[in-house]
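As structure tokens, the structure follows; a few thoughts come after it.
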Amino acid sequence: MRTPTHRPRGQQGTRRTIRHAIGATVTVSAAVVALVTPAAAADTAPHTPSSSGAGAAGPDTVTTHAGAGTAQERARVDAYWSPERMKLAGAMIPEITPVPEDDNTPDDPRPLPANTPDPGTVWTHGGAVQKNVGRLFFTFSDGYDGSCTATVVTSANRSTVITAAHCLRGVGAPSDDDTWNHNLYFVPGYRNGTKPLGGFSIRTMATSSRWNADPDTTASSDLAVAGYDTGLLVANPAAGGRPIGDVTGSQRIGFDQPVEGEFVHTFGYPKAGLNGSGDSYVGSRMIHCAGPSRPGPEALLLWGETCDMSSGSSGGPHLARFDTRTGTGTVVGVTTTDEELAGGQSPTLYATRLGDSAHRLYDWAQSR
């Protein structure tokens with residue numbers, strides 16, 4: 001996995017790559033849109049959050065940000081995400097990056113045998129998961145595009161989508177518009193530049209108020225290991241007014257305590273191969289991993305499974321009690337990082353397991 005760094009303001013001329021991240025192209029001053037990766041060497045253990053970061057005084061509350069609220073804004077976002085733009089989202093230098101070829105791996109209608117370990121393959125077995133998990137696109141404050149993964153979850157408003165907080169924003173004052181990503185657009189069932197079920201702009205979004213911390217003293221990785229890397233979205237309805245949940249169906253959501261050895265299925269749209277030949281994933285198809293879940297030795301609040309997904313899979317669902325015949329399960333976490341931050345055997349893909357903070361965000365989102 002690779003963690004591309006997004007260009008900070010005032011440094012528009014160069015891009016560099018930080019190893020092992022999972023989301024999109026990110027900036028030191030913006031979101032760590034991939035797996036959240038520590039800025040320091042991975043050899044330091046255990047990880048200790050900054051004293052003024054995740055442990056800062058004050059209650060953990062909901063911080064919100066408006067998205068595309070008018071019909072004109074929704075139409076603009078929809079038009080912006082052309083097939084070519086979606087295919088190149090996350091490329092560090094899209095101007096010279098070749099548009100990736102389609103992935104035509106044949107579909108397999110047979111259900112995957114239950115509890116089959118999988119370190120990372122194209123998901124070909126259909127089911128509900130192929131409709132309600134998709135690719136989440138956005139634009140950074142410097143104008144470059146990125147992508148993560150997101151999931152429609154069962155909710156009162158039938159419009160609630162879950163992802164990672166670092167796919168929505170960077171650490172900093174929520175009033176600073178450059179802290180947030182723009183042009184958010186969710187494509188459920190994304191495949192080879194197409195929108196099989198349409199595309200959905202985002203009306204509003206929320207993260208924990210812990211992300212409002214001072215970026216000079218608090219890193220995204222601090223918030224990840226402290227369990228605050230969850231983001232909730234409220235999607236605009238489809239043309240004709242249908243809420244996204246009526247179009248795609250949804251996955252259950254759970255705020256359970258982690259169970260050692262629990263068999264978990266993970267899905268995502270990794271795309272680090274856009275930026276180098278060392279990774280085969282280019283975001284064309286949804287990738288699946290599965291295996292027993294275990295805590296990160298250096299980040300005990302993060303739980304993961306053996307998986308080789310790369311940048312772009314951030315925010316993807318970790319599904320417990322997954323039925324491979326129907327493609328349904330319970331989202332118990334969202335991808336946030338890999339073993340470089342959380343420790344453990346390589347390759348491991350770690351999730352922020354959903355707890356009280358995520359539950360608060362979910363209750364807010366489903367009431368909008």
Side-chain angles (χ1 to χ4, degrees), residues 1-7 15 17 21-26 31 33-35 68 75-107 120-124 129-140 142-151 161 163-164 167 181-202 235 248 267-288 308-316 335:
M1 288 172 280
R2 299 287 184 271
T3 306
T5 57
H6 183 59
R7 291 186 292 187
R15 288 184 167 229
T17 299
I22 282 191
T25 310
V26 273
V33 179
L35 304 153
R76 181 192 59 77
V77 173
D78 185 73
Y80 180 83
W81 291 107
S82 64
E84 180 173 323
R85 191 179 291 276
M86 291 191 295
K87 287 183 176 184
L88 290 175
M92 288 193 287
I93 311 177
E95 299 88 346
I96 62 172
T97 301
V99 176
E101 296 181 2
D102 290 349
D103 184 331
N104 294 313
T105 303
D107 289 328
T121 57
V122 175
W123 179 254
T124 60
V129 72
Q130 194 160 290
K131 296 180 179 179
N132 42 51
V133 176
R135 202 166 168 192
L136 178 66
F137 298 95
F138 46 82
T139 303
F140 292 107
D142 70 355
Y144 278 78
D145 299 323
S147 73
C148 278
T149 303
T151 308
V161 179
T163 188
C167 297
N181 296 329
H182 305 282
N183 291 331
L184 271 80
Y185 192 66
F186 178 59
V187 181
Y190 174 89
R191 182 166 174 160
N192 292 327
T194 66
K195 308 174 185 179
L197 299 170
F200 295 80
S201 59
I202 301 303
T248 66
F267 295 87
Y269 282 88
K271 43 78 187 145
L274 288 172
N275 299 313
S277 59
D279 194 307
S280 61
Y281 297 134
V282 293
S284 298
R285 296 281 293 274
M286 186 167 68
I287 305 301
H288 167 256
D308 70 351
M309 281 198 234
S310 60
S311 70
S313 58
S314 275
T335 294

Exercise for review: Kindly give the heavy-atom pair with the smallest separation between Asp279 and Ala272, and that separation in Å.
Suggested key: OD2-CB, 3.6 Å

Check your understanding: How long is the gap from CD on Gln130 to CZ on Phe267, to the nearest 0.5 Å?
Key -> 9.5 Å

Review point. Does anything in residues 191-201 pair up under salt bridge (Lys or Arg N to Asp or Glu O under 4.0 Å), and if so which pairs, sequence neighbours excluded?
Key: Asp78-Lys195, Asp107-Arg191

Check your understanding: Angle class for the His288/Trp123 ring planes (parallel below 30°, perpendicular above 60°, tilted otherwise)?
Key -> tilted

Exercise for review: Hey, could you give me the CG/CD1 distance between Asn181 and Ile202, rounded to the nearest 0.5 Å?
Suggested key: 12.0 Å

Practice item. Could you list the residues that satisfy side chain to side chain donor-acceptor pair (under 3.5 Å) with Ser284, not counting sequence neighbours? Key: none

Point to revise | Check: Phe137 ring centroid to Tyr80 ring centroid under 6.0 Å | key: no

Practice item. Would you give the length of the straight line joining atom CH2 of Trp81 to atom OG of Ser147, rounded to the nearest 0.5 angstrom? Key: 8.0 Å

Point to revise | Distance-only donor-acceptor check, side chains Ser311 and Lys271, under 3.5 Å | key: yes

Review point. What is the distance from atom CZ of Phe186 to atom CZ of Phe138, rounded to the nearest 0.5 Å?
Key: 13.0 Å

Point to revise | Where Ile287 and Met309 come nearest, the two heavy atoms and their spacing | key: O-CE, 3.4 Å

Review point. So, for Thr124 and Pro106, which heavy atoms are closest and what is the spacing to 0.1 Å?
Key: CG2-O, 3.4 Å

Review point. Side chain of Asn192, backbone of Asp102: donor and acceptor closer than 3.5 Å?
Key: no

**Study point:** Separation of Leu136 CG from Phe200 CZ (nearest 0.5 Å)
**Key:** 13.0 Å

Point to revise | Nearest heavy atoms of Pro94 and Leu88, plus distance in Å | key: O-CD1, 4.1 Å

Review point. Do Thr149 and Tyr190 touch side chain to side chain, with heavy atoms closer than 4.5 Å?
Key: no

Practice item. Determine yes or no for a side-chain-to-main-chain donor-acceptor pair under 3.5 angstrom, with Arg285 supplying the side chain and Val122 the backbone. Key: no

Check your understanding: Can you check whether Asn183 reaches Arg76 side chain to side chain, under 4.5 Å on heavy atoms?
Key -> yes

Revision key, fill the gap. Here the pair of heavy atoms bringing Gly268 nearest to Ser313 is CA-CB, 4.2 Å

Check your understanding: Are Asp145 and Lys87 within salt-bridge range, i.e. N to O under 4.0 Å?
Key -> no

Review point. Considering only heavy atoms from C-beta outward, does the side chain of Met86 approach that of Val187 to under 4.5 Å?
Key: yes

Review point. Checking Arg135 side chain against Tyr269 main chain: does a donor-acceptor pair fall under 3.5 Å?
Key: no

Exercise for review: Looking only at non-hydrogen atoms, find the nearest pair between Pro196 and Thr194 and report the distance.
Suggested key: CD-O, 3.3 Å

Point to revise | Asn132 side, atom CG; Leu197 side, atom CG - distance, nearest 0.5 Å | key: 9.5 Å

Point to revise | By ring pair (Phe, Tyr, Trp, His ring centres under 6.0 Å) - contacts of Tyr281 (at least two apart) | key: none

